[in-house]
Amino acid sequence: MKTFSATPADIDKKWIIIDAEGVVLGRLASIVAMRLRGKHKASFTPHMDMGDNVIIINADKVQMTGKKRSDKIHYWHTGYPGGIKSRSAGQILEGKYPERLVTMAVKRMLPGGKLSRTQMTNLRVYAGTDHPHEAQNPEVLDVKSMNKKNTRS
């Protein structure tokens, strides 16, 4: 028996929409990373971009367990001497671009490399409920009902 290896003609990409309201950030990110890579498909091939296009709405209403909203600190460096900056996860969610927290959580759950950077282009994250992808007829993926631990009140 030969091992199946997908070719570009075998790839079937779907559009999926996920509502992040009340969903725990890490659990959401792991499900989205799996969908972006295509590991949920029986024809998964590691070196091909087999994943679906994922739309996440209500990214500003994502939940975190414990005290991560105040204690989880994100650092970056401006490139200048003494230019280290930091923000807590709560400050990012309340700031101008709350979707960046979800984007970085998904990005960090993908393996590093060219393929992962290509797969990240299939992710669209929006802070509110509006998105410009109605023409693609996305299927709704209910992450809340997958596992009772996926939500926090």
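Numbering starts at 1 and runs along the sequence shown. Note: hydrogens, waters and symmetry copies are ignored here, and every other heavy atom, side chains too, is used.
With Leu141 as reference, Ile31 is the one residue of Ile17, Asp19, Ile31 to meet the side chain to side chain contact (heavy atoms under 4.5 Å, CB included) rule. Under the side chain to side chain contact (heavy atoms under 4.5 Å, CB included) test applied with Ile56, the options Val143, Thr103, Leu123, Val23 reduce to a single match, Leu123.
Within a 6.0 Å radius of NZ in Lys107, other residues, nucleotides and ligands contribute 12 heavy atoms or fewer. Within 6.0 Å of atom NZ in Lys144, more than 12 heavy atoms from other residues, nucleotides or ligands are found, so the atom counts as buried in its surroundings. Heavy atoms from other residues, nucleotides or ligands lying under 6.0 Å from NZ of Lys13 number more than 12.
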Could you list the donor-acceptor pairs under 3.5 angstrom formed between side-chain atoms of residues 83-95 and any protein atom two or more places apart in sequence or on another chain?
unit_1	atom_1	unit_2	atom_2	d
Ser88	OG	Gln91	N	3.3
Gln91	OE1	Ser88	N	3.0

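Between His40 and Met34, the shortest heavy-atom contact is ND1-O, 3.9 Å. Of all heavy-atom pairs spanning Glu99 and Ala127, the tightest one is OE1-CB, 3.5 Å. Minimum heavy-atom separation, Tyr75 to Ile73: CZ-CG2, 3.5 Å. Nearest approach of Ala59 to Val125, heavy atoms of both residues: CB-CG1, 3.6 Å.
Note that CD of Gln63 and CG of Leu28 are 11.5 Å apart. Values are rounded to the nearest 0.5 Å. Atoms CZ and CG, from Arg37 and Leu110 in turn, are 7.5 Å apart once rounded to the nearest 0.5 Å. Rounding to the nearest 0.5 Å gives a distance of 8.5 Å between NE2 of His74 and CE of Met104. In this structure, the separation between CG on Asp71 and CE on Met64 is 11.0 Å, given to the nearest 0.5 Å. Atoms NE2 and CG, on His131 and Asn58 in that order, are 10.0 Å from each other to the nearest 0.5 Å. In this structure, CG in Asn150 is found 12.0 Å from CG in Leu25, a value given to the nearest 0.5 Å.
Thr118 places a side-chain N or O within 3.5 Å of a backbone atom of Lys114 that can act as its donor or acceptor partner. Checking side-chain atoms of Asp52 against main-chain N and O of Lys14 turns up a donor-acceptor pair under 3.5 Å. With Ser116 contributing its side chain and Gly113 its backbone, the two residues share no donor-acceptor pair below 3.5 Å. No side-chain donor-acceptor contact under 3.5 Å links Lys149 to the backbone of Arg27.
Taken together through direct or relayed side-chain contacts under 4.5 Å among Ile, Leu, Val, Met, Phe, Trp and Tyr, Val62 and Met120 form part of one hydrophobic cluster. By the criterion of side-chain heavy atoms lying less than 4.5 angstrom apart, applied directly or through intervening Ile, Leu, Val, Met, Phe, Trp or Tyr residues, Ile18 is not grouped with Ile55; the two fall into different hydrophobic clusters. When hydrophobic clusters are built by joining Ile, Leu, Val, Met, Phe, Trp and Tyr residues whose side-chain heavy atoms come closer than 4.5 Å, directly or via intermediates, Val106 is grouped together with Ile16.
Listed by chain and number, the residues in a side chain to side chain contact (heavy atoms under 4.5 Å, CB included) with Ala6 are Phe4, Asp10, Thr45, Met50 (sequence neighbours excluded).
Asn53 and His133 form no side-chain donor-acceptor contact under 3.5 Å, judged by distance and modelled atom types alone.
Using a 4.5 Å cut-off on side-chain heavy atoms (C-beta onward), Leu115 and Asp49 make contact. The closest side-chain heavy-atom distance from Ser5 to His47 is below 4.5 Å.
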For Asn137 and Trp15, run side chain to side chain contact (heavy atoms under 4.5 Å, CB included): C-alpha distance rounded to whole Å, both residues' side-chain angles, the deciding distance at 0.1 Å, then the answer.
-> CA-CA 7 Å; Asn137 297 322; Trp15 283 80; over 6 Å; no
